[in-house]
Amino acid sequence: MKRIVLFIATNLAVMLVLSLVLSLLGIGRPGTGGNLQLGSLLAFSLVVGFTGSIISLLISKPMAKWSTGARVIDAPANSTEQWLVGTVRQLAERAGIGMPEVAVYEGEPNAFATGAFKNSALVAVSTGLLQSMNRDEVEAVLGHEVAHIANGDMVTMTLIQGVVNTFVVFLARIVGFFVDNMLRSKDERGNGSGIGYMVTVFVCEIVFGLLASIIVAWFSRQREFRADAGSAKLLGSSVPMQHALARLGGLEPGALPQNMAASGITGGGGWSALFSTHPPMEQRIAALQQLPR
């Protein structure tokens, strides 16, 4: 629950801060004198909506390493690290992507993939996952993460987040414009936006942002199904991924930082299924069982 709330709050905070700064500079007002300037408002909304998402994507790798303490395996120090690097290399070749960086971090069972580009991504696994699973199960998890990269999921989620943020910013200001006009006399409307506009926009961005998070979470759940199926395809069987998910379902997942919560192999259940970034394990296993064994 905490990770999902923080994830949503972070996204809302980016929009609110950008909106406030640009509004103080006189940018992004919907119009004066009762006239809507939809073109300039849409341009403003696009800037605010996509800026945070794109910046987050571009810095996702260094932020992931820093926030989890992940150590990139430059030179394998033991047989496990050598196996990890070799397995990721084989999976990447099968998926047709460049070799990702491979990293290990201290923590309970989890794994993630991140990066702005398919050919320079990062795959990281926790020490808890390596200790809790056999190699077939770990390979299935690695296949899941490589499938995320091959599917371009990081870019896709960034674009989806940017689009919904744009609509949040745009619609909040449209509502604010009409509320402000209703509260002010005709003579007052030529003096710029009033307090009604500012308060309405602030409230609407929070409400619309929460609704937008439901849409983003739905897309995130669909990408988990696709990555599970991608792992089955890379390994030539859905059974290892089924076993890996069953194993994870019986373990306490490792917590990732809020900005990484949606990137993990598990977690993100949250206090409501609508805000969950990951489907229930039972649904994921059932979907895999429908695939050829």
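Only this structure's heavy atoms are used, side chains among them; waters, hydrogens and symmetry mates stay out. For the single chain, residues carry numbers from 1 onward in sequence order.
- Cluster membership for M281 and F225, using ILVMFWY side-chain heavy atoms within less than 4.5 angstrom, is not shared.
- For E101, the salt bridge (Lys or Arg N to Asp or Glu O under 4.0 Å) test picks out K61, K65, with sequence neighbours left out.
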- Take V169 and F44 through the side chain to side chain contact (heavy atoms under 4.5 Å, CB included) test and state the conclusion after the steps. CA-CA 9 Å; V169 174; F44 166 83; 3.6 Å; yes
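- L57 has its side chain within reach of M154: a pair of non-hydrogen atoms, C-beta onward, lies under 4.5 Å apart.
- Listed by chain and number, the residues in a salt bridge (Lys or Arg N to Asp or Glu O under 4.0 Å) with R71 are E81 (sequence neighbours excluded).
- Within 6.0 Å of CZ on F50 lie more than 12 heavy atoms contributed by other residues, nucleotides or ligands.
- Annotation: F112 is in aromatic contact with Y105 [ring centroid separation under 6.0 Å].
- Distance check, rounded to the nearest 0.5 Å: CG of D153 to OG1 of T158 gives 10.5 Å.
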- Task: Please test T200 against R173 for side chain to side chain contact (heavy atoms under 4.5 Å, CB included), starting from the C-alpha separation and ending with a verdict.
- Result: CA-CA 8 Å; T200 302; R173 278 153 182 75; over 6 Å; no
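- Annotation: side chain of Q222 is not in contact with side chain of F219 (no heavy-atom distance under 4.5 Å).
- The heavy-atom pair separating A116 from S60 by the smallest distance is N-OG, 4.0 Å.
- Here the closest non-hydrogen pair linking M133 and R247 is CG-CG, 4.0 Å.
- Between the side chains of N78 and Q82, no donor-acceptor pair of N or O atoms lies under 3.5 Å.
- Salt-bridge check for D228 with R284: passed, with a basic side-chain N closer than 4.0 Å to an acidic carboxylate O.
- Counting only residues at least two apart or on different chains, no salt bridge (charged side-chain N to carboxylate O under 4.0 Å, His left out) pair has a member in residues 112-136.
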